[in-house]
Structure formats: C-alpha cells, structure tokens
K.L.:
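First the structure, which I've put down as structure tokens, then a few questions once you've had a look.
Chain naming here is simple, since letters A, B, ... match the order of the sequence lines and numbering starts at 1 in each.
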Number of protein chains: 2
Amino acid sequence: MKSRRFDLERFLPYLVNRVAVSLVGAFGPMLAASDVTLQEWRVLAALRQGGAMRVSDIASVTSIDISTLSRTLNAMERKGLVVRHRPKGGDARVVIVEATEHGGAVTETLVPEAQKLQTTALAGFSAEEESALKAMLVRVFANVAAQGKRNGGDAAPARAPRSPPTLASDRG
Amino acid sequence: MKSRRFDLERFLPYLVNRVAVSLVGAFGPMLAASDVTLQEWRVLAALRQGGAMRVSDIASVTSIDISTLSRTLNAMERKGLVVRHRPKGGDARVVIVEATEHGGAVTETLVPEAQKLQTTALAGFSAEEESALKAMLVRVFANVAAQGKRNGGDAAPARAPRSPPTLASDRG
DNA sequence: GGCATATATTTGCATTTACAAATATTGTGA
DNA sequence: TCACAATATTTGTAAATGCAAATATATGCC
C-alpha cells in the first residue's frame, strides 16, 4: 500500500535538485566562454564576496568538498586566477587564497552574466516573491545544516568548528 | 569598480546549490543504510511516481545525464532493483525500465525517510509558506528550462522533444 | 621543553560523471 | 523497398569527485 502522501512534484529535494541542475546547465556556456569551470566560478564568487579567505572557509561557503577544492585551486593558480600563501604572522597551518588581478577581472565579466541568469530564473516574480523565496531558501539551509550538526557531528554541511565564515571582508 | 548589486547571499543559484548540497548530505546516510546510491534513489522515486518508464523519460524526470543513467541502471539491475525490457508491440528503440518487487520494497522503506528529511528541512514553515516555496521552485524551473530551450536548442535541461513526461502513470 | 592531540591542507585512489562516438531501430520519401 | 534522416540507448574515454590516509603545523598538558 503506497502512501500517496509522497508526490515527487511536491517533494522539496526533488524540486530543488531540478532547479539546481537547470541553473548549472544554463550557466555552463557562459563559464565555458571565459574558460572557467563551475567550481572555479564558485570560488571566484566567494572571494569577491569575502576577500582573501582560507581554503576551509572557501569550502564551506561554496559547498565544495575540501579535497576537490584543493585541486580546483591548483588549476586556478595555473590559470593565474588566484594565489595561495601562508599568512604573515598567524597560524601557519592555514593557507590564504586571494584572487589575482586577472582573477578579479574575470569575475567582473561573469557577474553580469550571473545576474542575467538570475533575472531569467525569476521572470514573473514580484520583488516580494523574490525575497520571500530567497529568505525561505536560507531558512531551509539553516534547518538542514542544524539537523546535520545534531546528528553525525561531521557528516554535516557546515564544516566550520571555528566560526561561520563571515562573508564580509575579514582579511588581514 | 565592483557593482555592489551582486551579493552571494541574495544570489539564487548560490542559495539553491547550497540547499541542494545540504539535502544530499543529509540523505546520504539513509541511502547508504539501504545500499542505494543517490542516483539510484532518484530513479526509484521516479518509477514509483510514474510506473514503468523509458530510459530517456527517467533521465528527464531525475535530471540525470542519460549516459550516466544507463550505467546506473546497469548497477540497479545487478542489485535486482529494476528490470529493463523492450516494449512488446511498440517502438523497439525504446527500453522500458520497471521496478522489481524488491526495488519497490526498498523504495517504500526510503520514502518515509525522505518525508522525514523534508519535514526537517521545512521546520518552522507554515503550510502556506511550504506550498508557496514549492510553487516558486516550479516556476523557477520552468523559467530556466524555457530559456534553455530558446537558446542552445539542446544544451537545455528538458531533453524531451516528444512530450513532457507525464509523471502520471502512462505505462502500457 | 617535549609529547600527545587537534586543526588545516594536500595527496592516493577508486568511483562517478559527462561529453562524444558508436550502435540499434524506426520513419520517410523517392 | 532502398537509402537517409531521426530517435533511443549504450559504450569509449578523459576528467572530476569524494572518501580516507598522509603530511604539516599548532596547541595543551605535564
């Protein structure tokens, strides 16, 4: 006896995944035109927002696995998009990642494309709807992250035992 | 001069990706407990919803690339979750995929877990908020898919030149 | 100060993924 | 009915992914 309370079209993870995949598909061509992969774009966007950041903070902001991110940063260094260095005075376990001038320039060419994509995605939305949607997505993320933290302790998305990365320039 | 109109925390693809990744991370353990991968679960859920389906329709419903899906189906057949067969009388290019009894049983054990996850994700949401969120995600998907179709013609997410798969039992 | 433990990043490795090419079958027009 | 284009699926292959182990550094305790 199937519980008919389960309808894919009303199942949040399904709806979210579908939107995520479609957005990636739509942005792919613009990224390709700039010779930037999706993950690289995410890193660039994070750095634009937060300034120079440590590797683990970029991982947590971008939702990229930290080992994948390490390799992505290799590629980005090769392309001259970012540089890595140890902090001058502080904790030498840490690696600071910073966008180069070129990386910043590439980011600035992509940002308008990203905004265009968002505009497309939100066609027909009132300003109120748009902010309601975004606010709800923030709440959903918080709910799921909190749940993850309560359970596995580390199977969770928010891998920050320090402090949630500010996303406000905290370089130094 | 950075256009300060671009804020990650208000950028829809960022918010959506973050939620998608967190949901996957939260569901992972339950899938592992049933020895089912994420993609396999998506296929099972699609079949539960739509009954026996052709490969390409499963791909479009699940947002799984069709070549990846083909291999996923191999694994699922090996595990006894689904069977593939050519349709009796119809178009012999097509392959019909059907859940086995075992596949159906596994699905039914996962569905309540999936519902629990959704409940967690939507904690604190009123019924109205919940349906508003889902309805907006449907609209966003439609917007992006329409845009994709208009452009690349095939770089689009909705790969269905036939007819949008019903998601309502259309087997036969 | 020195050793055990904790934190940060990278690397090893097997699996997964997606693009493109190959294969199989159908539909169409001469 | 014979080529030829269209559709559906699978397979070849190189790159991306994520887990776990390895490495590097830091911190706390005695």
K.L.:
If I compare all heavy atoms of B/G103 with all of B/L44, which pair ends up nearest, and what's the gap?
P.N.:
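That would be O-CD2, 4.0 Å.
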
K.L.:
To the side chain of A/D91, which of C/dA18, C/dT26, D/dT27 is closest?
P.N.:
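The listed nucleotide nearest to A/D91's side chain is D/dT27.
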
K.L.:
Calculate the interatomic distance between B/D65 atom CG and D/dT11 atom P; express it in whole Å.
P.N.:
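One finds 15 Å between P of D/dT11 and CG of B/D65, rounded.
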
K.L.:
Name the closest nucleotide to the A/V95 side chain, picking from C/dT9, D/dG18, C/dA8.
P.N.:
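So the nucleotide nearest the side chain must be C/dT9.
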
K.L.:
Quick one: B/Q39 CD to C/dA18 C1', roughly how many Å, whole number?
P.N.:
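Checked: the CD to C1' distance equals 12 Å.
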
K.L.:
Treating A/R5 as the side-chain partner and B/Q115 as the backbone partner, does any N or O pair qualify as donor plus acceptor under 3.5 Å?
P.N.:
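No: the side chain of A/R5 does not pair with the backbone of B/Q115.
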
K.L.:
Can you check the B/R54 CZ to D/dT10 P distance for me, whole Å?
P.N.:
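Rounded to whole Å, this separation is 12 Å.
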
K.L.:
Grab the CZ-P distance between B/R86 and D/dT7 for me, whole Å please.
P.N.:
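Answer to the nearest Å: 17 Å.
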
K.L.:
Just by distance, do the side chain of B/S22 and the backbone of A/F141 share a donor-acceptor pair under 3.5 Å?
P.N.:
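Looks like no, no N/O pair under 3.5 Å.
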
K.L.:
List the steps, then state whether salt bridge (charged side-chain N to carboxylate O under 4.0 Å, His left out) holds for A/E9 with B/K134.
P.N.:
CA-CA 8 Å; A/E9 293 286 350; B/K134 292 175 180 176; over 6 Å; no

K.L.:
For the pair made of NE2 in A/H85 and P in C/dT9, what is the distance, rounded to whole Å?
P.N.:
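In whole Å, C/dT9 P lies 12 Å from A/H85 NE2.
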
K.L.:
Could you go through residues 27-38 of chain B and list every donor-acceptor pair under 3.5 Å that involves a side-chain atom there, pairing it with any protein atom two or more places apart or in another chain?
P.N.:
from  : atom 1 : to    : atom 2 : distance (Å)
B/T37 : OG1    : B/E40 : N      : 3.2

K.L.:
Restricting both atoms to N or O, compile the protein contacts to nucleotides 11-15 of chain C shorter than 3.5 Å, with distance only.
P.N.:
from   : atom 1 : to    : atom 2 : distance (Å)
C/dG12 : O6     : A/R71 : NH2    : 2.5
C/dC13 : N4     : A/R71 : NH1    : 3.4

K.L.:
Could you measure the distance from the CZ atom of B/R10 to the CG atom of A/L137? Nearest 0.5 Å is fine.
P.N.:
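Output value for this atom pair is 13.0 Å.
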
K.L.:
Have a look at A/R84 and say if it touches a base, only the backbone sugar-phosphate, or nothing, with a 4.0 Å heavy-atom cut-off.
P.N.:
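If one applies the 4.0 Å heavy-atom cut-off, A/R84 turns out to touch the sugar-phosphate alone, with no base involved.
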
K.L.:
CZ of B/R93 versus C1' of C/dT23: gap in Å, rounded?
P.N.:
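Between C1' of C/dT23 and CZ of B/R93: 13 Å.
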
K.L.:
May I have the distance from B/I64 (atom CD1) to D/dT10 (atom P), rounded to whole angstrom?
P.N.:
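Computing the B/I64:CD1 to D/dT10:P distance gives 14 Å.
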
K.L.:
By nearest nucleotide on DNA chain D, pick out whichever of A/T37 and A/G90 is the more 5' one.
P.N.:
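By nearest-heavy-atom nucleotide position, the 5'-most residue is A/T37.
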
K.L.:
Donor-acceptor pair, A/Q118 side chain versus B/L12 backbone, under 3.5 Å?
P.N.:
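Yes, A/Q118 side chain to B/L12 backbone: donor-acceptor pair under 3.5 Å.
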
K.L.:
Rounded to whole angstroms, how far apart are CG on B/L69 and P on D/dT9?
P.N.:
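So the two atoms are 9 Å apart, to the nearest Å.
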
